[in-house]
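Some notes on the structure that comes next.
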Amino acid sequence: MSFTNYAAQAILNALVGKSSAFGSLSSRPTLYVGLSTTAPSESGGNVTEPSGNGYARVQTSPSDWNSATLADPSVVSNANAIGFPTATGPWGNCTHFVIFDAAVAGSVIASGQLVVQKSPTSGDTPTFEPGALVWELD
């Protein structure tokens with residue numbers, strides 16, 4: 001079974017708060033962007049977030065995300081810059097971004113490999129510029 005373009009568009013738009021999926025989703029999860037120094041698995045495991053040194057997941061709102069469109073129904077990206085707190089020490093070599101449904105713990109919604117790996121150190125403020133975070137329903 002595979003999703004139709006209509007279904008993919010509806011699911012992604014509901015997740016980022018642009019609409020209710022098929023009119024039946026009463027609320028969307030609050031999405032948080034995190035970083036990982038390991039490649040997350042399809043099941044949501046193998047996530048190794050930086051610990052300490054000012055690291056924290058970043059909460060997003062619906063206005064931070066572009067809508068999926070019928071022209072590209074299975075893809076959403078960030079509409080606004082998403083910036084992390086300033087690092088107060090090393091965070092390790094971050095290779096992936098991770099979308100969570102909670103500020104701490106919670107479930108992994110999606111993840112993706114960073115085009116350019118980043119090793120934040122003291123004074124760095126990692127930021128995803130608009131359009132840099134792209135996730136696809138596959």
Side-chain angles (χ1 to χ4, degrees):
M1 178 180 90
S2 61
F3 288 113
T4 64
N5 288 347
Y6 170 74
Q9 177 189 12
I11 290 166
L12 284 172
N13 282 337
L15 277 173
V16 299
K18 296 297 184 180
S19 67
S20 295
F22 313 113
S24 62
L25 187 63
S26 61
S27 66
R28 70 165 189 91
T30 299
L31 300 179
Y32 296 82
V33 178
L35 297 171
S36 181
T37 60
T38 54
S41 66
E42 189 78 18
S43 65
N46 199 45
V47 175
T48 307
E49 289 184 273
S51 178
N53 297 323
Y55 173 79
R57 295 176 187 169
V58 179
Q59 182 176 339
T60 65
S61 68
S63 64
D64 290 319
W65 299 100
N66 292 311
S67 296
T69 65
L70 284 177
D72 206 354
S74 62
V75 175
V76 294
S77 63
N78 59 312
N80 299 315
I82 296 174
F84 286 85
T86 301
T88 59
W91 289 3
N93 186 37
C94 299
T95 59
H96 290 75
F97 71 89
V98 186
I99 308 295
F100 295 92
D101 65 359
V104 177
S107 299
V108 173
I109 303 292
S111 65
Q113 188 169 355
L114 298 176
V115 174
V116 177
Q117 297 179 8
K118 178 70 175 161
S119 297
T121 59
S122 187
D124 287 343
T125 306
T127 301
F128 290 105
E129 295 302 325
L133 275 180
V134 179
W135 38 306
E136 181 175 358
L137 187 63
D138 61 2

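- Listed by chain and residue number, S61, N80 satisfy the side-chain contact (heavy atoms from CB on, under 4.5 Å) test with S63 (two or more places apart in sequence, or in another chain).
- With sequence neighbours left out, S41 forms a side-chain contact (heavy atoms from CB on, under 4.5 Å) with S43.
- In the hydrophobic cluster analysis, where Ile, Leu, Val, Met, Phe, Trp and Tyr join through side-chain heavy atoms closer than 4.5 angstrom, I109 is grouped together with V16.
- Side-chain contact between I82 and T60 is present, with heavy atoms from C-beta onward closer than 4.5 Å.
- A pairwise comparison of heavy atoms in Y32 and R57 identifies CB-CB, 4.0 Å as the closest pair.
- Under a 4.5 Å side-chain heavy-atom criterion applied to ILVMFWY residues, the cluster that includes V75 comprises V134 as well.
- Connection of Y55 to L133 is established within a shared hydrophobic cluster, with ILVMFWY side chains joined at heavy-atom distances below 4.5 Å, either directly or through further cluster members.
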When the side chains of residues 83-106 are checked against the rest of the protein, which donor-acceptor pairs come out under 3.5 Å, sequence neighbours left out?
{"residue": "T86", "atom": "OG1", "partner": "T125", "partner atom": "OG1", "Å": "2.8"}
{"residue": "T88", "atom": "OG1", "partner": "N53", "partner atom": "O", "Å": "3.1"}
{"residue": "T88", "atom": "OG1", "partner": "G54", "partner atom": "N", "Å": "3.4"}
{"residue": "W91", "atom": "NE1", "partner": "N53", "partner atom": "O", "Å": "2.8"}
{"residue": "N93", "atom": "OD1", "partner": "S119", "partner atom": "OG", "Å": "3.1"}
{"residue": "N93", "atom": "ND2", "partner": "Q117", "partner atom": "OE1", "Å": "2.7"}
{"residue": "D101", "atom": "OD1", "partner": "S107", "partner atom": "N", "Å": "2.6"}

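- Linking Ile, Leu, Val, Met, Phe, Trp and Tyr whenever their side-chain heavy atoms come within less than 4.5 Å leaves V33 and V108 in two separate clusters.
- In this structure, the separation between OG on S111 and CG on N46 is 10.0 Å, given to the nearest 0.5 Å.
- Taking hydrophobic clusters as Ile, Leu, Val, Met, Phe, Trp and Tyr residues chained together by side-chain heavy-atom distances below 4.5 Å, V58 shares a cluster with V76.
- Taking T121 as the reference, D124 meet the side-chain contact (heavy atoms from CB on, under 4.5 Å) condition, with sequence neighbours excluded.
- Side-chain contact check for S67 versus N13: some heavy-atom pair is nearer than 4.5 Å.
- Shown here for N78 and F128, the closest heavy-atom pair between the two residues is ND2-O, 3.4 Å.
- With hydrogens and angles disregarded, a donor-acceptor distance shorter than 3.5 Å links the side chain of K18 to the backbone of W65.
- Evaluation of the side-chain hydrogen bond (donor to acceptor under 3.5 Å, both in side chains) rule for N66 yields S77 as partners, not counting sequence neighbours.
- Annotation for G17 and P62: closest pair O-CB, 3.6 Å, computed over non-hydrogen atoms.
- Between the side chain of T38 and the backbone N or O of T48, at least one donor-acceptor pair lies under 3.5 Å.
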